[in-house]
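The structure displayed is predicted, hence computed values, not measured ones. Whatever order the structure lists ligands and atoms in, that order sets their numbers, starting from 1.
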Amino acid sequence: MSRSRGAGPGRLPPDRTRAEVGGRIRRPDCDPAAVADAVRLLRAGQPVAFPTETVYGLGAPALDHRAVARIFSLKGRPADNPLIVHLSSAAMLDTLVAGLPEAAEALIKRFWPGPLALVLPRAAGVPDIVTAGLDTVAVRMPDHPVALALLDALGEPLAAPSANRSGRPSPTRAGHVAAEFEPADLPLILDGGPCVHGLESTVLDLSGSSPRLLRPGAVTTEQLEPVVGPLAGKPGEAAARSPGLRHRHYMPDCRVVLAEPSALSVVCARELAAGHRVGLFCVSGGERPSGLALYRRVPDLATFGRAVFATLHEAGQLRLDVLVVERVSPEGLGLAIMDRLRRAAGAEA
Ligand code: TXA
Ligand code: MG
């Protein structure tokens with residue numbers, strides 16, 4: 001897939017966000033009617049964006065195939081890429097899956113609510129459009145008060161991909177969502193502030209003979225293996241494939257160049273010398289190169305992960321030509337961070 005960079009249809013100026021607070025961007029913590037209005041819209045088949053602890057989601061009632069179809073068309077999402085279904089209770093789980101393997105019970109007990117999506121055998125009532133025709137369904141319980149309040153008030157599960165147009169970086173703030181979709185297409189964005197993790201959930205497939213990692217996320221391999229034993233699908237092993245990984249992802253509006261910590265200043269100097277507008281996003285020490293249009297240095301890996309997508313969005317808003325990003329070691333949270341960064345930089349997973 002090729003996409004033009006820079007301003008295009010759907011790109012709104014950043015100041016649209018500020019103008020919209022009090023309009024379609026609503027904060028349930030100081031606007032108690034916001035969740036009830038979201039439920040009304042969802043029941044009428046309209047999409048609603050909501051915060052989770054990972055990224056913002058674009059929700060539709062999972063059992064309403066027309067509403068789910070609308071989400072696919074809004075995002076421009078390929079029909080062969082299934083959605084994660086979000087729930088807030090065990091009762092909702094019963095309507096979605098055809099039985100729980102022992103490993104699932106242990107993982108649910110340990111990690112839910114939280115950033116872990118489990119791929120399980122699906123129940124008959126789940127519409128084909130949600131699972132892209134697969135005989136499995138991905139489910140998770142988000143760890144965010146607004147997401148849980150919305151699910152409880154709706155009383156049924158929500159299918160929700162990340163609230164970005166297909167192929168774009170995921171949104172970690174309400175303003176990122178607003179910049180992505182016109183008000184006529186998305187009438188309500190529940191604002192829960194910046195997402196705590198800022199990276200999408202870990203996706204773990206439990207439908208086969210052994211647990212398989214399909215997408216690394218904030219729940220790390222190191223945390224999962226003590227609970228379920230060795231995972232298949234780790235880097236360097238044969239195909240860890242979530243259907244979504246076949247598609248181009250996280251394409252920002254500028255070039256992303258990954259560099260080792262020791263090469264950051266050389267790479268910045270080279271890009272600046274070429275006359276480019278350059279940003280640097282890093283976690284290690286080192287001197288700050290002069291002449292940068294964006295400089296973000298964070299103190300640790302968790303903050304790095306939280307800020308990855310926000311920095312990609314900001315790089316676009318600042319009209320950077322290139323964002324230089326530090327490579328981190330692909331261990332622990334670093335595995336998920338490098339997965340997103342490699343694809344933002346144009347590598348195919
Ligand atoms: O953190 C998250 O998971 C966020 C928030 C909103 O919850 N959602 C999210 O959704 O990242 P999305 O649609 O952007 O990514 C869902 C991923 C895709 O890679 C998709 O292929 C995979 O989950 N997936 C969904 N159902 C699956 C299934 N039945 N089998 C294998 N992979 C599946
Ligand atoms: Mg996504």
Side-chain angles (χ1 to χ4, degrees), residues 47-60 62 68 71-72 74-88 96-98 111-123 126-144 146-148 150-151 157-172 176-177 180 189-190 192 195-208 211-219 233 239-251 305 309 336 339-340 343-344 349:
V48 168
F50 62 96
T52 79
E53 79 283 28
T54 58
V55 300
Y56 276 72
L58 191 58
V68 174
I71 298 282
F72 273 86
L74 247 188
K75 277 185 61 99
R77 183 177 178 105
D80 64 354
N81 192 3
L83 305 185
I84 294 174
V85 180
H86 298 65
L87 44 88
S88 61
L96 299 169
V97 306
F111 295 107
W112 280 12
L116 176 65
L118 300 176
V119 173
L120 295 166
R122 70 187 262 200
V126 181
D128 275 344
I129 189 168
V130 171
T131 66
L134 298 173
D135 53 11
T136 55
V137 61
V139 287
R140 88 176 190 94
M141 186 183 288
D143 187 14
H144 193 292
V146 173
L148 292 171
L150 179 63
L151 286 160
L158 279 172
S162 50
N164 52 278
R165 285 182 301 125
S166 205
R168 298 264 306 147
S170 296
T172 59
H176 298 156
V177 183
E180 206 72 357
I189 300 168
L190 296 178
C195 299
V196 172
H197 294 296
L199 298 167
E200 306 90 338
S201 61
T202 305
V203 180
L204 188 69
D205 185 356
L206 293 179
S207 67
R212 175 169 287 271
L213 184 67
L214 300 183
R215 178 174 73 180
V219 174
R241 285 292 81 117
S242 165
L245 301 186
R246 284 196 295 266
H247 303 289
R248 191 71 175 80
H249 256 68
Y250 311 127
M251 231 181 329
F309 286 130
D339 168 70
R340 308 313 190 265
R343 288 190 281 139

Revision key, fill the gap. Note: Phe50 and Leu158 closest approach over all heavy atoms is CE2-CD1, 4.0 Å
Exercise for review: Begin from the C-alpha positions of Asp128 and Arg122 and carry the test side-chain contact (heavy atoms from CB on, under 4.5 Å) through to its verdict.
Suggested key: CA-CA 10 Å; Asp128 275 344; Arg122 70 187 262 200; 2.9 Å; yes
Point to revise | Contacting atoms of ligand 1, where contact means under 4.0 angstrom from a heavy atom of Glu200 | key: 1 (O), 2 (C), 11 (O)
Exercise for review: Number the atoms of ligand 1 from 1 as they appear, then name those within less than 4.0 Å of a heavy atom of Gly57, with their elements.
Suggested key: 6 (C)
Review point. Yes or no on side-chain contact (heavy atoms from CB on, under 4.5 Å) for Arg168 and Ser162, after CA distance, side-chain angles and deciding distance?
Key: CA-CA 10 Å; Arg168 298 264 306 147; Ser162 50; over 6 Å; no
Review point. Does an N or O anywhere in Tyr56 fall below 3.5 Å from an N or O of ligand 1?
Key: no
Check your understanding: Can you find an N or O of His86 that's nearer than 3.5 Å to an N or O of ligand 1?
Key -> yes
Point to revise | Thr54 side chain vs Glu200 backbone, donor-acceptor pair below 3.5 Å | key: no
Practice item. Can you label the angle between the Phe309 ring and the Tyr250 ring as parallel, tilted or perpendicular, going by 30° and 60°? Key: tilted
Review point. Looking only at heavy atoms of His197, does any of them come nearer than 4.0 Å to an atom of ligand 1?
Key: no
Check your understanding: Side chain or backbone of Ala160 under 4.0 Å from ligand 1, or both, or neither, by non-hydrogen atoms?
Key -> backbone
Review point. Any idea which atoms of ligand 1 are less than 4.0 Å away from a heavy-atom of Pro161?
Key: 10 (O), 12 (P), 13 (O)
Check your understanding: Which atoms of ligand 1 are found less than 4.0 Å from any heavy atom of Ile84?
Key -> 3 (O), 16 (C), 23 (O)
Practice item. Starting from the C-alpha separation in whole Å, work towards a yes-or-no answer on side-chain contact (heavy atoms from CB on, under 4.5 Å) for Leu58 and Val177. Key: CA-CA 9 Å; Leu58 191 58; Val177 183; 5.5 Å; no
Check your understanding: Shortest non-hydrogen contact from Glu180 to Asn164?
Key -> CG-CA, 3.7 Å
Check your understanding: What atoms in ligand 1 come closer than 4.0 Å to a heavy atom of Ala138?
Key -> 25 (C), 26 (N), 27 (C), 29 (N)
Exercise for review: Would you check, one step at a time, whether the test side-chain contact (heavy atoms from CB on, under 4.5 Å) holds for Leu83 with Arg77?
Suggested key: CA-CA 10 Å; Leu83 305 185; Arg77 183 177 178 105; 3.3 Å; yes
Point to revise | N/O/S from Ser162 sitting under 2.8 Å away from the Mg ion (ligand 2) | key: yes
Review point. Does ligand 1 have a heavy atom under 4.0 Å from the side chain of His144, from its backbone, from both, or from neither?
Key: neither
Practice item. Examine Thr136 against ligand 1 and note whether any of their N/O atoms are separated by less than 3.5 Å. Key: yes
Exercise for review: Compare every heavy atom of Ala79 with every heavy atom of Ala132, then report the nearest pair and how far apart it is.
Suggested key: CB-O, 3.4 Å
**Study point:** Contact with ligand 1 for Asn81, non-hydrogen, under 4.0 angstrom
**Key:** yes
Check your understanding: Does ligand 1 have an atom under 4.0 Å from some heavy atom of Ala117?
Key -> no
Check your understanding: Under a 4.0 Å N-O cut-off, is there an ion pair linking Arg140 with Glu53?
Key -> yes
Review point. Within the structure, does Ser201 bring an N/O atom to less than 3.5 angstrom of an N/O atom in ligand 1?
Key: yes
**Study point:** Heavy-atom closest pair, residues Leu148 and Ser88
**Key:** CD2-CB, 3.9 Å
Review point. Heavy atom under 4.0 Å from ligand 1: found in Leu214's side chain, backbone, both, or neither?
Key: side chain
**Study point:** Sole residue of Ser170, Pro216, Pro169 in side chain to side chain contact (heavy atoms under 4.5 Å, CB included) with Arg340
**Key:** Pro216
Review point. Below 4.0 Å from any atom of ligand 1, is there a heavy atom belonging to Arg122?
Key: no
Check your understanding: Near Leu134, which atoms of ligand 1 are under 4.0 Å from a heavy atom of that residue?
Key -> 28 (C), 29 (N), 30 (N)
Review point. In terms of atom number and element, which parts of ligand 1 are under 4.0 angstrom from non-hydrogen atoms of Leu83?
Key: 25 (C), 26 (N)
